[in-house]
K.L.:
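Supplied in structure tokens, the structure appears directly below.
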Amino acid sequence: MKNRLKIQRAILNITQAELAEKIEVSRQTINTIESGKYVPSTVLALKLAKIFNVSVESIFELEDGD
Amino acid sequence: MNNNLLISAKYKVLGWSLVIVFGVLGLLCLNYDFELNFLAYNLNSIDGLFTNNNFTNEVAFTGTIVGFLIIVFSKQRIEDEYISLLRLKSLQLSVFLSYLILIVLNFCFYGLAFYDFIFYNTFTVLIVFIITFNWKLVKLKKEGIKVEE
């Protein structure tokens with residue numbers, strides 16, 4: 001699954017740590033999501049979308065083979 | 001995502017203290033027949049049911065197990081869903097390794113030696129979990145630092 005978390009974070013101009021604090025996870029978790037190592041739960045995806053004020057599909061996108 | 005079995009992170013120190021104190025007591029008890037006098041009991045009426053008349057080994061075993069359980073079930077400072085995933089992966093590995101060791105022991109040891117190793121193997125799930133989980137956490141922290149640089 002592709003994600004545009006880093007881009008969205010750059011638009012809002014917030015660090016991984018600041019984003020992590022907003023959605024109550026550790027900074028490392030944000031890092032694993034950005035690097036594509038971890039696919040977050042629906043709850044976390046919706047929380048992220050709410051912070052960036054966009055839809056979940058604008059952040060996460062299915063790839064071939066998913 | 002709430003895991004009701006987990007306890008506060010502050011209990012981790014208590015867990016380690018119990019493991020050290022009761023673990024040392026247990027090793028002394030197993031290897032040097034050390035016994036605490038105040039844990040002795042007298043049950044003549046049911047002689048033969050108990051092999052010795054002292055509770056030191058039972059107390060040491062219980063204390064060590066409880067200590068390990070407290071460490072395993074204490075939360076991280078930030079207990080999020082990725083940490084839960086790491087917990088699950090570590091638990092899978094520890095259960096797998098524990099039974100793998102048991103299968104190997106089954107073929108390598110016989111008689112009393114087998115029972116001795118079975119006894120030590122009761123701690124394997126907990127110990128392997130603690131090692132794997134903490135190793136995964138250290139690796140996660142290192143990866144995070146690398147990306148930020």
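The analysis underlying the following values was restricted to heavy atoms, covering all of them including side chains, and did not include hydrogens, waters or symmetry mates.
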K.L.:
Are B:I65 and B:I20 connected, step by step, through hydrophobic side chains (Ile, Leu, Val, Met, Phe, Trp, Tyr) whose heavy atoms are closer than 4.5 Å?
P.N.:
no
K.L.:
Nearest 0.5 Å, what's the CD-CD distance between A:Q28 and B:Q76?
P.N.:
10.5 Å
K.L.:
Find out whether B:Y82 and A:V25 are in side-chain contact, i.e. whether some heavy atom of one side chain is under 4.5 Å from a heavy atom of the other.
P.N.:
no
K.L.:
If you round to the nearest 0.5 Å, how far is OG1 of A:T29 from CD1 of B:I78?
P.N.:
8.0 Å
K.L.:
Test: side chain to side chain donor-acceptor pair (under 3.5 Å). Region: residues 96-106 of chain B. Which pairs qualify, not counting sequence neighbours?
P.N.:
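Side chain to side chain donor-acceptor pair (under 3.5 Å) check on residues 96-106 of chain B returns no pairs.
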K.L.:
Can you confirm whether more than 12 heavy atoms, excluding those of B:Y110, are under 6.0 Å from its OH atom?
P.N.:
yes
K.L.:
Would you find more than 12 non-hydrogen atoms of other residues, nucleotides or ligands less than 6.0 Å from A:E18 atom CD?
P.N.:
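Yes, enclosed.
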K.L.:
Which one, A:I33, A:T32, A:I30, leads in non-hydrogen pairs under 4.5 Å with chain B?
P.N.:
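Option with the greatest count: A:T32.
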K.L.:
Cluster question for you: counting only ILVMFWY and a side-chain heavy-atom cut-off of under 4.5 Å, with indirect links fine, are B:F96 and B:L102 together?
P.N.:
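Cluster IDs for B:F96 and B:L102 differ.
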K.L.:
Output the distance between atom CG (B:L140) and atom OH (A:Y38), rounded to the nearest 0.5 Å.
P.N.:
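With rounding to 0.5 Å, CG (B:L140) is 11.5 Å from OH (A:Y38).
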K.L.:
In this structure, would A:L48 and A:I7 fall into the same cluster of hydrophobic residues linked by side-chain contacts under 4.5 Å?
P.N.:
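No, A:L48 does not connect to A:I7 through the hydrophobic network.
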K.L.:
Tell me which pairs pass salt bridge (charged side-chain N to carboxylate O under 4.0 Å, His left out) where either residue lies in residues 35-60 of chain A, with sequence neighbours left out.
P.N.:
A:K37-B:E143
K.L.:
Can you tell which part of B:I83 gets under 4.5 Å to a heavy atom of chain A, answering side chain, backbone, both or neither?
P.N.:
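Neither part, no heavy atoms under 4.5 Å.
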K.L.:
Looking only at atom types and distance, does a side-chain atom of B:E81 sit under 3.5 Å from a main-chain N or O of A:P40, one as donor and one as acceptor?
P.N.:
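Looks like no, no N/O pair under 3.5 Å.
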K.L.:
Taking side chain as everything from C-beta outward and backbone as N, CA, C, O, which of these in A:S26 sits under 4.5 Å from a heavy atom of chain B? Side chain, backbone, both or neither.
P.N.:
both
K.L.:
Looking at CZ of A:R27 and NZ of B:K141, how far apart are the two atoms once the value is rounded to the nearest 0.5 Å?
P.N.:
10.5 Å
